[in-house]
Amino acid sequence: MLTAIIASVMLAIVPVRYSSPVDYDITLAGNFGEPRPYHFHGGLDIKTDNVEGKHVRSIADGYVSRITVGLYGFGNAVYVTHPEGYTSVYAHLKRFSPRLEKHITRPNGRDTIDIHFTPLDFPVSQGQLIAISGNTGHSTGPHLHLEIHDTQTWNMLDPLDFIGHLISDSVAPRAHSIMACPLAGHGTFCGTSSIQTFPCDRINADSTETSTLLTAWGRVGFALWADDYMQGVHNYYGIRQTILLVDGHEVFRSDVDRIPTNDNRQVNAWGDFSHWRRNRTWYMRSFILPGVTLPMLHADSNRGYVDFHEERPYRLEYYLRDYFGNESHYAFTVVGKRENIAMAKATAQPYCCGSAVFCDRLTTVSMPGMTLVIPPRMVAVNTAIHTTAEKGLLSPRYCFSSEPLPLFGCGELSIALRQEVADPSLLYIECDGHDIGGRYSNGWISTPIRELSAHYEIKQRTKAN
């Protein structure tokens with residue numbers, strides 16, 4: 001007991017210096033927190049010279065707590081739990097170390113394997129070989145994907161906070177374009193309530209000069225398209241820290257150092273998902289929508305919106321920083337110019353039960369033979385929906401939105417069976433051609449769903465899974 005207490009005290013006094021998971025200088029194909037559709041990139045993509053077969057080593061002492069095959073897009077993956085309260089994950093592996101490989105049972109016909117171990121099964125030392133790098137799972141080329149999680153909460157942590165001392169980077173982030181987003185019914189920008197973009201080459205860093213006069217009135221949010229870079233490679237990365245100042249006062253700050261796993265899909269609401277769908281570029285908002293709860297976003301009492309309420313110049317400044325302290329600065333002036341602000345357009349029908357998904361309370365959508373229940377905090381703003389029901393065999397085919405509308409989590413969809421079947425266990429709910437399963441009870445099939453623009457109906461398998 002005394003030994004354990006001394007060990008825990010020593011860990012608190014002497015921080016662990018984590019080592020490299022590979023035997024060569026680290027270069028990155030991707031960094032932590034990069035915005036991607038429906039998720040943040042949860043770790044570092046470490047290059048392996050575009051080949052398989054590199055040694056993969058544990059970054060610290062611990063024990064192999066889990067091995068998975070075919071889960072989460074990881075392909076082959078090893079999990080190492082460390083006594084400091086973290087778990088490192090190594091993914092897209094070609095194979096495991098011989099010591100681990102001989103203890104893996106691969107059931108016939110099984111596409112996935114998920115094996116958990118106790119601390120005494122496979123202890124490992126820092127630098128010990130645990131796997132061989134590969135290209136398995138959802139990987140577009142050979143590399144090592146490294147994640148680090150808080151073992152207790154499973155929050156994703158930036159691996160650079162653990163192994164950043166092993167990487168060299170002297171290149172600052174760079175902004176490409178700024179987006180102005182007037183709050184509907186409350187603001188204008190350059191005389192209109194429409195969202196507008198202007199490239200950063202129209203503004204001069206460390207200057208208030210712009211090639212075109214920018215004007216605003218009322219409440220306007222801003223968003224930024226920017227990337228980080230490193231020397232010697234052509235890859236680009238997500239921004240670790242973004243700060244927006246107005247007249248010297250901070251109105252917004254993001255610091256992408258940790259991401260709760262359950263908040264992963266909120267990337268679609270911090271970033272402008274609609275713009276990404278059209279243009280494949282991410283503008284990350286420097287204001288916070290009502291339903292967004294990402295802990296790495298911080299804003300003033302206006303949630304990051306800038307209130308242009310005086311007819312004078314306003315100085316706006318962006319500071320972009322990466323993990324290594326490289327910084328870029330962009331400053332521009334927006335002149336407050338009084339304008340008539342048009343009322344926000346009304347929806348086709350007032351928000352009511354079934355015509356909108358609410359960001360702050362439970363939503364229930366009902367039709368004869370169908371019920372959809374969506375918990376609070378599943379969307380960023382109150383969003384109008386329109387439910388349709390097309391003719392189907394075992395049930396109508398339901399859809400709730402003509403535009404992509406991904407939820408942050410899951411709603412519960414229940415559909416009534418139109419006719420009796422001999423074996424209800426063969427029934428499932430189909431989502432745009434995919435079997436997403438379902439539970440049968442008293443003539444209804446229920447299943448979680450996460451996308452409201454998809455089409456859902458009851459189908460029947462020819463044989464049991």
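Residue numbers count from 1 along this sequence.
Looking only at side-chain heavy atoms (C-beta outward), L93 and L144 come within less than 4.5 Å of each other. Contact of the V69 side chain with the T112 side chain is not registered, since no non-hydrogen atoms from C-beta on lie closer than 4.5 Å. Annotation: side chain of M370 is in contact with side chain of V365 (closest heavy-atom distance under 4.5 Å). No side-chain heavy atom of Y63 sits less than 4.5 Å from a side-chain heavy atom of D121. Counting heavy atoms from C-beta on, the side chains of R315 and L245 never come closer than 4.5 Å. Contact of the D435 side chain with the E430 side chain is not registered, since no non-hydrogen atoms from C-beta on lie closer than 4.5 Å. Looking only at side-chain heavy atoms (C-beta outward), H329 and E317 come within less than 4.5 Å of each other.
Between F122 and F117, a ring centre-to-centre spacing shorter than 6.0 Å is recorded. Aromatic ring centroids of F222 and F252 lie 6.0 Å or more apart. Ring-centre distance between H145 and F74: below the 6.0 Å cut-off.
Comment: K54 does not engage E52 in a salt bridge, judged by the lack of any side-chain N to carboxylate O separation of less than 4.0 angstrom.
Ring planes of F198 and F332: perpendicular class, angle over 60° (limits at 30 and 60°).
For residues 154-178, every residue pair satisfying the salt bridge (Lys or Arg N to Asp or Glu O under 4.0 Å) rule, not counting sequence neighbours, is listed here: D158-R240, D161-R240. Applying the side chain to side chain donor-acceptor pair (under 3.5 Å) test to residues at least two apart or on different chains, the pairs with a partner in residues 283-298 are S177-Y283, Q266-T293, S286-Y318.
Heavy-atom minimum distance, I59 versus I148: CD1-CD1, 3.8 Å. Contact record, C399 with S401: SG-O, 3.3 Å, taken as the closest heavy-atom pair. Across all non-hydrogen atoms, the minimal contact from G409 to M378 is N-SD, 3.1 Å. Here the shortest heavy-atom pairing between T364 and T371 reads CG2-CG2, 4.2 Å.
The side chain to side chain contact (heavy atoms under 4.5 Å, CB included) test applied to T68 returns R66, L71, A77, Y79, D114, not counting sequence neighbours. By the salt bridge (Lys or Arg N to Asp or Glu O under 4.0 Å) test, R450 is found to be paired with no residue, residues two or more places apart in sequence or in another chain being considered. When the ring pair (Phe, Tyr, Trp, His ring centres under 6.0 Å) test is applied to Y18, the partners found at least two apart in sequence or on another chain are F162. With sequence neighbours excluded, the residues that form a ring pair (Phe, Tyr, Trp, His ring centres under 6.0 Å) with Y305 are F287.
For R278 and W276, the positive end is not near the middle of the six-membered ring at less than 6.0 Å and at most 45° from its axis.
The main-chain N or O of S274 is found under 3.5 Å from a side-chain atom of D272 such that the two form a donor-acceptor pair. A donor-acceptor contact shorter than 3.5 Å links the side chain of N382 to the backbone of C359. T197 contributes no side-chain N or O that, together with a main-chain N or O of I178, makes up a donor-acceptor pair within less than 3.5 Å.
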For T383 and L405, run side-chain contact (heavy atoms from CB on, under 4.5 Å): C-alpha distance rounded to whole Å, both residues' side-chain angles, the deciding distance at 0.1 Å, then the answer. CA-CA 9 Å; T383 305; L405 184 51; 3.9 Å; yes

Could you walk me through whether K47 and N235 satisfy the side-chain contact (heavy atoms from CB on, under 4.5 Å) test, starting with their C-alpha distance in whole Å, then the side-chain angles of each, then the deciding distance to 0.1 Å, before giving a yes or no? CA-CA 11 Å; K47 293 192 175 189; N235 303 83; 2.7 Å; yes

Run the numbers on I259 and M296 for side-chain contact (heavy atoms from CB on, under 4.5 Å), then give the verdict. CA-CA 7 Å; I259 303 168; M296 68 273 206; 3.9 Å; yes

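The neighbour count for Y236 OH, taken as heavy atoms of other residues, nucleotides or ligands under 6.0 Å away, does not exceed 12. Crowding of R99 atom CZ: a count of heavy atoms from other residues, nucleotides or ligands under 6.0 Å exceeding 12. Counted within 6.0 Å of CD on Q231, heavy atoms from surrounding residues, nucleotides or ligands total more than 12; the atom is thus considered enclosed. Shown here is H116, whose NE2 atom has more than 12 heavy atoms of other residues, nucleotides or ligands within 6.0 Å.
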